[in-house]
Chemist: 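The structure that follows is given in the form of structure tokens.
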Amino acid sequence: MSRWRPLPDTLDTEAQRLTEELRVLKERTGLSLDGLARKTPYSKSAWHRYLNGEKLPPRSAVEALGQVAGADQERLLAVYHAAYRARTAPVADPSEAPTAEPSGRARRILRSAEVLRTTGALVALTALVATMGAAASIVKVPAPAAHTHGHASDACHGHRCQGRYPWRFGCNRDARAESTIVDTTYTVRLRFSPSCGSVWSEVQPRSGGAEKVSIWVGRDARLTSHPDGRQGLAVSPMLATSDLRQAVACAKVTDRVACTGAVELTSPAHPKDRDDFPGPKFLERVMMR
């Protein structure tokens, strides 16, 4: 039986329960960390972090260990989801924030005000055109553009989502974080949407700005760049995949680089990485460390 080190005091109750559950399953397999790495898509160092409470494992790692140990996957995933909910707060889409429904009297007042505003705008526009000597017949007031935020007509799946952004096609609605890495200045998540069959990278800087955000599946990649640094939430375009074990989400925030998924990394950005990040040579160097 392995001699486990004490779990960190900072670990919350649900994460501690998950870690202890994974330790039991690891013992059940009778495998060393090297053996576990050979049986799963995750490295020895990754399992060392997961089993010592240093990092919340991605769902796919939990499923992989459960499969090797012959565990009850439904029960195991319930423990994982409880730990994930306790550790990470979902990022809300501001455009989906609920608004209060006005009363009947308030709606009548709002409609009246809207009519007055529209009438006033038309009168002013007509007067302006007449003053400029233009024919009134050329004046057209365009209909309000339909607000599309993942409507059924905009849905995509698989390769139809490739290179597109998740919010535009509603892929964020059922998205889950398959893997998360937290550093002092940012949080990077590997997001997956079952309905869209696609993954993307999401970064939330707490200081500085996101300069590059990328998603990888094998050697296929999508990247978005913000040369001046994007403040707030930033996402990469999507990649279609059914094999989450090959997915890697990466981001460069100010002078630091982070990856999560099949590759786990937080480190300072080195000059030699600037031109290549997040290219194949960069990932190859990371995987060989």
Side-chain angles (χ1 to χ4, degrees), residues 14-15 17-26 28-29 31 33-88 90 158 161 166 171-172 174-182 187-203 214-222 235-236 238-251 258-266 283 286-287:
E14 298 298 339
R17 181 187 173 200
L18 174 63
T19 305
E20 291 172 346
E21 184 75 19
L22 295 179
R23 285 180 171 184
V24 169
L25 293 178
K26 188 266 183 189
R28 184 188 298 177
T29 66
L31 296 170
L33 292 181
D34 282 325
L36 196 56
R38 287 192 293 270
K39 288 281 188 178
T40 66
Y42 295 90
S43 66
K44 176 183 176 180
S45 59
W47 282 117
H48 176 83
R49 292 193 295 272
Y50 301 153
L51 295 169
N52 284 289
E54 297 174 9
K55 184 182 184 303
L56 189 70
R59 171 179 170 143
S60 51
V62 174
E63 290 176 324
L65 178 54
Q67 184 174 1
V68 173
D72 181 339
Q73 292 281 19
E74 185 175 350
R75 175 184 171 278
L76 180 59
L77 288 179
V79 177
Y80 164 77
H81 286 305
Y84 174 76
R85 285 192 298 269
R87 177 70 66 88
T88 61
C161 297
C171 299
N172 59 301
D174 68 339
R176 62 182 186 238
E178 286 295 324
S179 181
T180 302
I181 194 161
V182 179
T187 298
V188 178
R189 297 182 179 90
L190 170 62
R191 291 278 190 186
F192 171 66
S193 166
S195 65
C196 294
S198 299
V199 291
W200 64 92
S201 175
E202 174 184 283
V203 58
S214 68
I215 183 69
W216 283 80
V217 177
R219 300 185 70 84
D220 196 5
R222 291 294 183 274
V235 299
S236 72
M238 294 185 286
L239 269 180
T241 186
S242 58
D243 187 0
L244 299 176
R245 296 172 299 177
Q246 297 187 46
V248 183
C250 291
C259 294
T260 188
V263 171
E264 298 289 337
L265 165 76
T266 60
L283 285 183
V286 170
M287 292 177 178

Chemist: Go through it in stages, so that I can follow the logic: the residues are T187 and T180, the test is side-chain contact (heavy atoms from CB on, under 4.5 Å), and I'd like the CA-CA distance, side-chain angles, deciding distance and then a yes or no.
Modeler: CA-CA 7 Å; T187 298; T180 302; 3.7 Å; yes
Chemist: Within a strict 4.5 Å, meaning less than it, do heavy atoms of the P41 and Q246 side chains meet?
Modeler: no
Chemist: Report yes if some heavy atom in the side chain of V199 is under 4.5 Å from a heavy atom in the side chain of L244; otherwise report no.
Modeler: yes
Chemist: I need the minimum non-hydrogen distance between L239 and D220, along with the two atoms involved.
Modeler: CD1-O, 3.4 Å
Chemist: Please determine whether a side-chain nitrogen of the Lys or Arg among E21 and R75 lies less than 4.0 Å from a carboxylate oxygen of the Asp or Glu.
Modeler: yes
Chemist: Run Q73 and Q67 through side-chain contact (heavy atoms from CB on, under 4.5 Å) and show every step you take.
Modeler: CA-CA 8 Å; Q73 292 281 19; Q67 184 174 1; 3.9 Å; yes
Chemist: Mind checking the CG-CZ spacing from L22 to R28? Nearest 0.5 Å is all I need.
Modeler: 11.5 Å
Chemist: Using modelled atom types only, decide if a donor and an acceptor are shared between the side chain of K55 and the backbone of H48 within a distance under 3.5 Å.
Modeler: no
Chemist: Nearest 0.5 Å, please: how far is CE in M238 from CG in N172?
Modeler: 9.5 Å
Chemist: Determine whether the side chains of E264 and S179 contain a donor N or O and an acceptor N or O closer than 3.5 Å.
Modeler: yes
Chemist: Kindly compute the distance separating NZ (K26) from CG (L33), expressed to the nearest 0.5 Å.
Modeler: 5.0 Å
Chemist: Can you name the nearest heavy-atom pair linking R59 to Y80, along with the distance?
Modeler: N-OH, 3.4 Å
Chemist: Does the disulfide (SG to SG under 2.5 Å) test come out yes or no for C250 and C259, once each step is laid out?
Modeler: CA-CA 4 Å; C250 291; C259 294; 2.1 Å; yes
Chemist: Nearest 0.5 Å please: distance from the CG atom of L18 over to the CG atom of L76.
Modeler: 7.0 Å
Chemist: Please find the pair of heavy atoms, one from C161 and one from C171, that lie closest to each other, and give the distance.
Modeler: SG-SG, 4.3 Å
Chemist: Please say whether more than 12 non-hydrogen atoms of neighbouring residues, nucleotides or ligands are located less than 6.0 Å from CZ in R49.
Modeler: yes
Chemist: Any idea which heavy atoms bring Y42 and G261 closest together, and the distance?
Modeler: CE2-O, 3.9 Å
Chemist: When rounded to the nearest 0.5 angstrom, what is the spacing between CG in L190 and CZ in R176?
Modeler: 10.0 Å
Chemist: To the closest 0.5 Å, what do you measure between OH (Y84) and CD (E178)?
Modeler: 9.5 Å
Chemist: Using every non-hydrogen atom in the two residues, find where V188 and S201 come nearest and quote the distance to one decimal.
Modeler: CG1-OG, 4.1 Å
Chemist: Closer than 3.5 angstrom, by distance alone: can the side chain of R23 be matched with the main-chain N or O of L51 as a donor-acceptor pair?
Modeler: yes
Chemist: Show the nearest heavy-atom pair for residues W47 and L36, with the distance to one decimal.
Modeler: CD2-CD2, 3.6 Å
Chemist: Do V235 and I215 come within less than 4.5 Å of each other through their side chains, counting heavy atoms only?
Modeler: no
